[in-house]
Amino acid sequence: VISEITSKVLNLTLQSDAFTNGLLHDIGKAVLLQSACVLENRGKLAKNLDYEELLQFIDKYHNKVGSKVLKKWKFPFHTIHIALNHDKLDSCNSISKELLVFDFANLLAKTMVVKDQPEPIDVALEDTKSARLLGITSESIVEIEGRIEESLALYANMIDTLP
């Protein structure tokens, strides 16, 4: 949602859908977790499996797995590119507007959920590489945050009306 709102506030024309990019960037984690569950149910995982090591493994390989899955599913290049590089902006050779939008949205999301984080994320968003390259100002950040709050309120209201 934050990727979509960011692209709308900045009036960007992207080659792939910002909402979909944000939704699928960590698809590799879901695939690897599901694979681990299947292996565990079949008795193929060690009985004394260290789940911290499993999570580290998933964190290390989810980008590559996610990008391969999205490629197999025939998603657009930019969606695949984000899955592969979403946490590697500084070392990425090819930085698209789509990747910049996702990077900024991801950083903003992390600052908005500080209360749920063990270590507070304290970042001057307008000073980040993605914000600078997209021309994001403190005023546009306030506008993006306002639209996010409106969107969250709308979703909360929709959930409250479900039977």
Side-chain angles (χ1 to χ4, degrees), residues 1-36 52-155:
V1 170
I2 298 174
S3 292
E4 180 180 40
I5 290 170
T6 299
S7 67
K8 285 180 180 177
V9 167
L10 298 177
N11 199 27
L12 296 174
T13 301
L14 302 178
Q15 295 182 29
S16 60
D17 183 66
F19 179 82
T20 303
N21 293 343
L23 188 64
L24 295 176
H25 78 279
D26 270 341
I27 191 71
K29 286 183 179 182
V31 170
L32 288 169
L33 282 169
Q34 177 63 27
S35 298
E52 278 301 314
E53 286 181 18
L54 176 62
L55 293 176
Q56 288 174 2
F57 175 87
I58 289 170
D59 195 48
K60 182 176 181 178
Y61 292 104
H62 78 278
N63 299 51
K64 187 177 250 186
V65 169
S67 66
K68 288 185 181 292
V69 167
L70 293 173
K71 188 174 185 178
K72 183 174 183 168
W73 290 345
K74 299 186 182 345
F75 272 84
F77 166 79
H78 290 288
T79 304
I80 297 165
H81 187 68
I82 288 169
L84 184 61
N85 296 295
H86 67 269
D87 53 5
K88 304 175 190 172
L89 187 64
D90 288 331
S91 63
C92 186
N93 293 333
S94 172
I95 300 176
S96 63
K97 281 191 291 187
E98 288 80 2
L99 183 58
L100 290 171
V101 166
F102 176 79
D103 183 74
F104 174 78
N106 195 38
L107 290 169
L108 178 55
K110 289 177 180 178
T111 65
M112 292 181 79
V113 293
V114 165
K115 60 186 167 282
D116 297 333
Q117 299 291 327
E119 297 278 326
I121 299 169
D122 187 20
V123 138
L125 290 168
E126 61 274 5
D127 294 336
T128 62
K129 182 176 184 176
S130 52
R132 284 193 320 274
L133 292 173
L134 288 167
I136 295 176
T137 63
S138 55
E139 292 82 20
S140 52
I141 292 170
V142 169
E143 183 178 351
I144 292 165
E145 289 174 333
R147 290 196 189 182
I148 292 165
E149 294 298 330
E150 290 171 11
S151 183
L152 291 175
L154 177 66
Y155 290 131

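The analysis underlying the following values was restricted to heavy atoms, covering all of them including side chains, and did not include hydrogens, waters or symmetry mates.
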To the nearest 0.5 Å, how far apart are [atom1] in [X] and [atom2] in [Y]?
{"X": "Ile148", "Y": "Ile5", "atom1": "CD1", "atom2": "CD1", "value": "5.0 Å"}
{"X": "Met112", "Y": "Leu125", "atom1": "CE", "atom2": "CG", "value": "10.0 Å"}
{"X": "Ile2", "Y": "Leu108", "atom1": "CD1", "atom2": "CG", "value": "5.0 Å"}
{"X": "Asp26", "Y": "Asn106", "atom1": "CG", "atom2": "CG", "value": "8.0 Å"}
{"X": "Thr128", "Y": "Ile136", "atom1": "OG1", "atom2": "CD1", "value": "7.0 Å"}
{"X": "Glu145", "Y": "Leu152", "atom1": "CD", "atom2": "CG", "value": "11.5 Å"}

#### Entry: Leu84 to Asn63 - nearest heavy-atom pair and separation
O-ND2, 3.1 Å
### Message
Tell me the closest heavy-atom pair linking Lys97 and Thr13, and the distance in Å.
### Response
NZ-O, 2.9 Å
Side chains of residues 72-83: which donor-acceptor partners sit under 3.5 Å, not counting sequence neighbours?
| from | atom 1 | to | atom 2 | distance (Å) |
| --- | --- | --- | --- | --- |
| His78 | ND1 | Glu98 | OE1 | 3.4 |
| His78 | NE2 | Gln15 | OE1 | 3.4 |
| Thr79 | OG1 | Asn21 | OD1 | 2.6 |
| His81 | ND1 | Asn85 | ND2 | 3.2 |
| His81 | NE2 | Ser94 | O | 2.7 |

### Query
How are the rings of His25 and His86 set relative to one another: parallel (under 30°), tilted (30 to 60°) or perpendicular (over 60°)?
perpendicular
### Query
Who passes side chain to side chain contact (heavy atoms under 4.5 Å, CB included) against Ala153, sequence neighbours left out?
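Checked Ala153 against side chain to side chain contact (heavy atoms under 4.5 Å, CB included); zero matches.
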### Task
Count the heavy atoms belonging to other residues, nucleotides or ligands that lie under 6.0 Å from NZ of Lys64, then report whether that count exceeds 12.
no
### Message
Other residues, nucleotides and ligands only: do more than 12 of their heavy atoms fall within 6.0 Å of NZ on Lys129?
### Response
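More than 12 heavy atoms, drawn from other residues, nucleotides or ligands, come within 6.0 Å of this atom.
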### Summary
In Leu133, Leu89, Asp87, the residue satisfying side-chain contact (heavy atoms from CB on, under 4.5 Å) with Asp103 is Leu89
### Task
For Lys29 and Ile58, indicate whether the former's side chain and the latter's backbone hold a donor-acceptor pair under 3.5 Å.
no
### Query
Is the backbone N or O of Arg147 less than 3.5 Å from a side-chain atom of Ser151, with the two atoms forming a donor-acceptor pair by type?
no
### Task
Step by step, work out the side chain to side chain donor-acceptor pair (under 3.5 Å) result for Ser3 and Thr6.
CA-CA 5 Å; Ser3 292; Thr6 299; over 6 Å; no
